[in-house]
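Remarks on the structure that follows.
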Protein chains: 2
Amino acid sequence: MLTIGQLAAYAGVTVRAVRHYHQIGLLPEPERDTSGYRKYGAPAVVQLIKIRTLADAGVPLAQVGRMLEADPATFAEAVERIDAQLRDEIDRLAASRRQVARLTAGDSLVLPPPVVAYLDRLREIGTSDRILAGERDGWILIAARWPDQVLEWMPDKMAQLDDPRVVRLYQLLSEIVDADVVDDPRVTEVVDLMVELAEQAEAAGVIDVHETGQDDDISFALLDDLADAADKRAERIRELMRERGWDGWTRTQRVKEPPG
Amino acid sequence: MLTIGQLAAYAGVTVRAVRHYHQIGLLPEPERDTSGYRKYGAPAVVQLIKIRTLADAGVPLAQVGRMLEADPATFAEAVERIDAQLRDEIDRLAASRRQVARLTAGDSLVLPPPVVAYLDRLREIGTSDRILAGERDGWILIAARWPDQVLEWMPDKMAQLDDPRVVRLYQLLSEIVDADVVDDPRVTEVVDLMVELAEQAEAAGVIDVHETGQDDDISFALLDDLADAADKRAERIRELMRERGWDGWTRTQRVKEPPG
DNA sequence: CTTGACCCTGACGCTGCGTCAACCCTGCAT
DNA sequence: ATGCAGGGTTGACGCAGCGTCAGGGTCAAG
């Protein structure tokens, strides 16, 4: 006769596990000796080994009981099911690993490589870390909303950085946030530049709208909100822009006529 | 400003998940509107997307917070750890699958192929299902205790079945259990056979002990117990065997002189 | 007689939410 | 004004498979 500890040792499991199997009815409660100790016979050992064999094979305990009583056909069917579940789980984890492999650097965390390249380019032209962080967050939102289109947009965005005025714009913005003074005179220059660029884009018929519909208004609002939340000078610039007839950080467009 | 539902939809998660992230402090609780509704800005969306990206990559939520604040070196280190854990988990599951693949039939459940072959052989010579079930359980115990040695023992065991007396023994035992009468006269014949075989083995110097030590006494006791538990005629046979000077079902040996 | 190694039951903890329950708010159609 | 659908709020239990206390009692040996 075995105590619970001996039984567990024989089958290579913990005492707690054996008690757990009792609780869920997988292993019948054995007789007790005078002092209340459980005492097990050989059949319990066999049963426990069977249980562990199935459990080690990845069978959920809830199904182990049924499987041990099943006829060969039902058994085979259950094995099939379990195997399919294991396959799925392995696939899921493998996908996770591929994801993890892409997390080597901070930037590539949530962003596709072309966007990371764009951010790197921004850094090269002297953009400050705070502006970069803001840009990164913005692109995170964009990549979440238009995961496919964003890849098409990147060549255009990248090309814009070849325009010295755009470079100047980012440098000005960097200086402004880094200086951190209340009424920075360079704000005016920024607004001039932005208006100039917007007007040129309008003339060329490219309003940075690409293929987004009205469903996306909320997304653009979020992007603008993001900029405003990042730095209060952003709000000031938007105000000045509105006075000049333009609205929106991300999707700059003509201010709609106020109704009435 | 977004409600919790809009936020969740934007990031592709459930409302419940968002609230969970609040609870565990992964996502800061936002402002409330006059009626107590949470209202979120763009930064929350970004944060939520970052969280999901790491979580989807298999990072435990408990580590996500730290990782999002970590410097690149610490981050890379953490990524390494996560990847190792994922590898382990995948290996575990793959091993499970290999196990599951071996579970096609009931017999091979816990037993290595040579033992299954032996059981098949037993069935062929006309052994009854109940005896077979007992044998199977016995071999389960043996395979659990001596997983390596059992493979060495099988050729001998298999060869024993070429002896007509052994075949006769199993057939007699089968008839006895199937008949299920109290004082089956065939029991005598069984005992005669067993004694004959034991004496022959003794003469040949092979006492079926192989390389087991005294630590294994408990295992043999279990095996004998298993037989006794399976059928009460087993006990009767053991008694008769003891009268003839032999003890033990599995490791038959001379009865030790009673002390005193 | 003490000590250490077991045994007992009962209960909480872990992961990442799903799923009620019971109630309040909002916006639209009637 | 009313009703209703479809949001939102907190609180709490449930899941798998045990690990891990807590607070006892028991056994074998020195």
Side-chain angles (χ1 to χ4, degrees), chain A residues 1-27 29-40 44 48 50-67 81-82 85-86 88-89 92-93 96 99 218, chain B residues 1-27 29-40 44 48 50-68 81-82 85-86 88-89 92-93 96 218:
Chain A
M1 285 302 174
L2 306 176
T3 68
I4 194 170
Q6 294 169 313
L7 170 70
Y10 201 108
V13 304
T14 65
V15 169
R16 182 62 179 88
V18 174
R19 285 203 266 251
H20 183 59
Y21 301 150
H22 286 321
Q23 255 188 345
I24 63 178
L26 254 187
L27 199 58
E29 280 279 1
E31 308 265 292
R32 307 296 184 110
D33 67 12
T34 51
S35 60
Y37 286 19
R38 292 177 180 85
K39 42 179 197 176
Y40 298 89
L48 182 51
K50 286 180 179 172
I51 291 171
R52 280 316 310 171
T53 303
L54 286 177
D56 287 342
V59 179
L61 292 187
Q63 299 183 37
V64 166
R66 271 170 292 168
M67 282 187 72
R81 264 206 325 277
I82 308 284
Q85 286 171 13
L86 283 176
D88 289 355
E89 184 69 6
R92 258 181 16 77
L93 291 180
S96 286
Q99 282 299 108
I218 186 178
Chain B
M1 288 300 175
L2 306 175
T3 67
I4 195 171
Q6 293 169 315
L7 170 69
Y10 200 107
V13 306
T14 64
V15 170
R16 183 63 180 84
V18 174
R19 285 203 266 253
H20 184 59
Y21 301 150
H22 286 320
Q23 255 187 346
I24 62 177
L26 255 188
L27 199 57
E29 280 278 1
E31 308 265 291
R32 306 296 184 109
D33 68 11
T34 52
S35 60
Y37 286 19
R38 293 177 178 85
K39 42 178 199 179
Y40 298 89
L48 183 50
K50 287 178 178 172
I51 292 171
R52 279 316 309 172
T53 303
L54 286 177
D56 288 342
V59 179
L61 291 188
Q63 299 183 36
V64 166
R66 270 170 294 169
M67 283 187 72
L68 286 177
R81 264 207 323 278
I82 307 282
Q85 286 170 13
L86 284 177
D88 288 356
E89 184 69 6
R92 259 182 15 75
L93 291 181
S96 288
I218 185 178

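Below, each value reflects all heavy atoms present in this structure, side chains not excepted, and no hydrogens, waters or symmetry copies. Order of the sequence lines fixes the chain letters, A, B, ..., with proteins taken first and strands second; residue numbering starts at 1 for each chain.
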Looking at [options], which one has an atom nearest to any side-chain atom of [X]?
X: A:Arg32; options: D:dT20, C:dT9, C:dC7; answer: C:dT9
X: B:Pro60; options: D:dC27, C:dC7, C:dG16; answer: C:dG16
X: B:Thr14; options: C:dC17, D:dG17, D:dG7; answer: C:dC17
X: A:Tyr37; options: C:dA11, D:dT26, D:dG17; answer: D:dT26

Nearest-Å distance, [atom1] ([X]) to [atom2] ([N])?
X: A:Gln23; N: C:dC12; atom1: CD; atom2: P; result: 13 Å
X: A:His20; N: C:dA11; atom1: NE2; atom2: P; result: 17 Å
X: A:Lys39; N: D:dC27; atom1: NZ; atom2: P; result: 13 Å
X: B:Tyr40; N: D:dG8; atom1: OH; atom2: P; result: 9 Å
X: B:Met1; N: D:dG8; atom1: CE; atom2: P; result: 16 Å
X: B:Leu54; N: C:dT15; atom1: CG; atom2: C1'; result: 17 Å
X: B:Arg16; N: D:dG8; atom1: CZ; atom2: P; result: 14 Å
X: A:His22; N: C:dG10; atom1: NE2; atom2: C1'; result: 16 Å

Does any part of the side chain of [Y], heavy atoms only, come nearer than 4.5 Å to the side chain of [X], both counted from C-beta?
X: B:Pro30; Y: B:Lys39; answer: no
X: B:Tyr37; Y: B:Ile4; answer: no
X: A:Tyr40; Y: A:Val18; answer: yes
X: B:Met1; Y: B:Glu31; answer: no
X: B:Ile218; Y: A:Leu2; answer: yes

Side-chain N or O of [X] closer than 4.0 Å to phosphate OP1/OP2 of [N]:
X: A:Thr3; N: C:dC6; answer: no
X: B:Ser35; N: D:dT9; answer: no
X: A:Arg52; N: D:dC18; answer: yes
X: A:Arg38; N: C:dC8; answer: yes
X: A:Arg19; N: C:dC8; answer: yes

On a heavy-atom basis, which atom in B:Ile82 and which in B:Gly58 lie closest, and how many Å separate them? CG2-O, 4.0 Å

Tell me which residues in residues 4-11 of chain B lie within less than 4.0 Å of DNA chain D, going by non-hydrogen atoms. B:Ile4, B:Gly5

Kindly compute the distance separating CZ (B:Arg38) from NE2 (B:His22), expressed to the nearest 0.5 Å. 5.0 Å

Atom CG in A:Leu27, atom CG in A:Leu7: separation rounded to 0.5 Å? 7.0 Å

Contacts of A:Thr34 and A:Tyr21 projected onto DNA chain D by closest heavy atom; the upstream (5') one is A:Tyr21

